[in-house]
Amino acid sequence: MSFVPTAAAVLNSWVRILGALEKKINRQSFETWLKPTRFSHIAGRTLFVRIPSVEFEKVGEKYADLIQEAIDNLQLDIDDVTFQTPQQDPSAPRVREDGGFAPLPSHSLNAPRPSRPGAPAQAGIAAPEQARFDWNAASQLNPRYQFDAFVIGSGNQFAMAASQAVAERPSKAYNPLFLYGGVGMGKTHLMHAIGHDVKRRQPHASICYVSGEKFTNEMINSVRYDKMTSFRDKFRNVDVLLIDDIQFLAGKERTQEEFFHTFNTLHESMKQIVIASDRPPKELADFEDRLRSRFEWGLIADIQPPDLETKVAILQKKAESEQTQLPTDVALFIASNVRTNVRELEGALVRLIAWCSMHGVEITMAVTQQCLKQFIDTQVRKITIEAIQRAVAEHFGMRVAELKQKNNSRQIVVPRQIAMYLAKQMTEASLPEIGRQFGGKHHTTVMHSIGKIDEQRRTDKDLNRTINKLMETLN
Ligand SMILES: Nc1ncnc2c1ncn2[C@@H]1O[C@H](COP(=O)(O)OP(=O)(O)OP(=O)(O)O)[C@@H](O)[C@H]1O
């Protein structure tokens, strides 16, 4: 079997190159030109490195020979190294001159603002004596969701770095931090990890983790039983508010209104807010603009599905925490057969471990294939054009029938083209068949739509993200 590099090995490639360069370059040059650079991602055999500003572009030229030498010596599978500023790679965090990350908007969003009447005047973490809801006693934090249990891969390293920065400097690094990504990608894990980490550094901090659904239900009950004062007191007096699945608030005007004030109070008193969602702020349909725009005040970090190496590393880490020996070929087999959802990946492993312990057998490839057969078979179930249409319509907040109409307004055309593209990618339907299922479109129209999305996807990051997300949902 060929060697599969671990996620850590892939991720650390730039760190390892830097390690080699550090030995060859004088200290001052290294500190000035190389230390502020960061690994960004790897695409194919190109390593992308983030640089704080265009001045750093010359790093590539200046140290080209030494970089190449390091790549050769370290036997890395890299043909090219590209240096990009955050502007060239807008999904990346900005890097300050001191090497830390700065918020995307250039003006400081974390500067103290005048307090609103009634808002706690003091910034930072308040003293423990303050009368408030006891979030410690009610702790919602899962002890397993810690930073060191989180496996870093190219799809989540940005979100991880941002979460760690927030945990280290609550309300000063990025406020709010908005994490988004598909189902089971680790958003909740990162939020809890932030909570644990803040708590470790500042034991008196009150950390509130709440889902959008729970926030809504508590609010409804408080209205019903005339307890709005204590509801407000509870959520507006925390040091760190971690609110998960914010998309649940879609269309719930009163809850949004309440959350808007909670957000303002906390932000103005320099308390940290972390929000998780299944989509970026601008795709949150049925949300008030004033809320959506606030979500964009700090830093937005997405989590992309894990690649194969990351999936293998996650499995190995989970097996380790269960004190189970997981052979590499088995880890690879599970990682390649279970699609992108980490929760399902874990589910497969838990099932395998339980099965082997019940039958008193070692984990081998044969046993794994037998035990996970049904699990894997359901994974490869067929995806239909109807399912694609439903997913696309739901994502864009429209009706399936609209995708099939003769309406050529932009709001309809783009989702329709995306749906046709997905139909081609994810089903075996022919172009005429796809055309038929979209209200009788000619196959050349279908071909044109697919070509258009295929091309745009390469340059339009948001579109690419939307497509990845839809594929993930459908899988
Ligand atoms: N990179 C990772 N390393 C280790 N475990 C991970 C990673 N990503 C996800 N997990 C694990 O996968 C499971 C699902 O993650 P989590 O609940 O955080 O996902 P989510 O993005 O919040 O999903 P949802 O949108 O369904 O709430 C958790 O057990 C989590 O620990």
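When reading the values below, keep in mind they use all heavy atoms of this one structure, side chains included, and skip hydrogens, waters and symmetry mates. Remember, it's a predicted structure, so these values are computed and weren't measured experimentally. Counting convention: from 1, in listed order, for ligands and their atoms alike.
- For the pair G182 and ligand 1, a heavy-atom separation below 4.0 Å is found.
- Using cut-offs of 30° and 60° for the angle between ring planes, the H267 and F263 rings count as parallel.
- Put simply, part of V183 is less than 4.0 Å from ligand 1, judged by heavy atoms.
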Report task. Show your reasoning for whether side-chain contact (heavy atoms from CB on, under 4.5 Å) applies to L21 and I67. Result -> CA-CA 7 Å; L21 294 179; I67 293 173; 3.9 Å; yes

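- Heavy-atom proximity to K318, at under 4.0 Å, picks out these atoms of ligand 1: 5 (N), 31 (O).
- Residue contacts with ligand 1 for N156 involve side-chain atoms from C-beta outward but no N, CA, C or O (heavy atoms, distance under 4.0 Å).
- On a distance-only criterion, R144 and ligand 1 share no N/O pair closer than 3.5 Å.
- Remark: the backbone N or O of D148 is paired with a side-chain donor or acceptor of K317 at under 3.5 angstrom.
- Residue-level proximity to ligand 1 for K317 is absent, since no heavy atom of it falls below 4.0 angstrom.
- Interatomic distance, CG of N156 versus NE2 of H189, reported as 10.0 Å (0.5 Å rounding).
- Comparing V342, L345, N142 by heavy-atom distance to atom 12 (O) of ligand 1, the nearest is V342.
- Considering both main-chain and side-chain atoms, R343 comes within under 3.5 Å of ligand 1 through a nitrogen or oxygen pair.
- By the criterion of a heavy-atom distance under 4.0 Å, the backbone of A149, and not its side chain, is placed next to ligand 1.
- In this structure, G184 counts as a contact residue of ligand 1, since one of its heavy atoms falls inside 4.0 Å of the ligand.
- Ring centroid separation for the pair F287 and F259 does not come in under the 6.0 Å cut-off.
- The two residues Y145 and H196 come nearest to each other via the heavy atoms O-CD2, 3.1 Å.
- For atom 28 (C) of ligand 1, the nearest non-hydrogen atom from the set Y180, F150, Y145 comes from Y145.
- Of all the heavy atoms of I314, the ones lying under 4.0 Å from any atom of ligand 1 belong exclusively to the side chain.
- Under a 4.0 Å heavy-atom criterion, H192 is not in contact with ligand 1.
- Aromatic rings of Y209 and H192 (six-membered ring for Trp) have centroids within the 6.0 Å cut-off, being under it.
- Relative to the six-membered ring of F260, R294 misses at least one condition, a distance below 6.0 Å or an angle of at most 45° to the axis.
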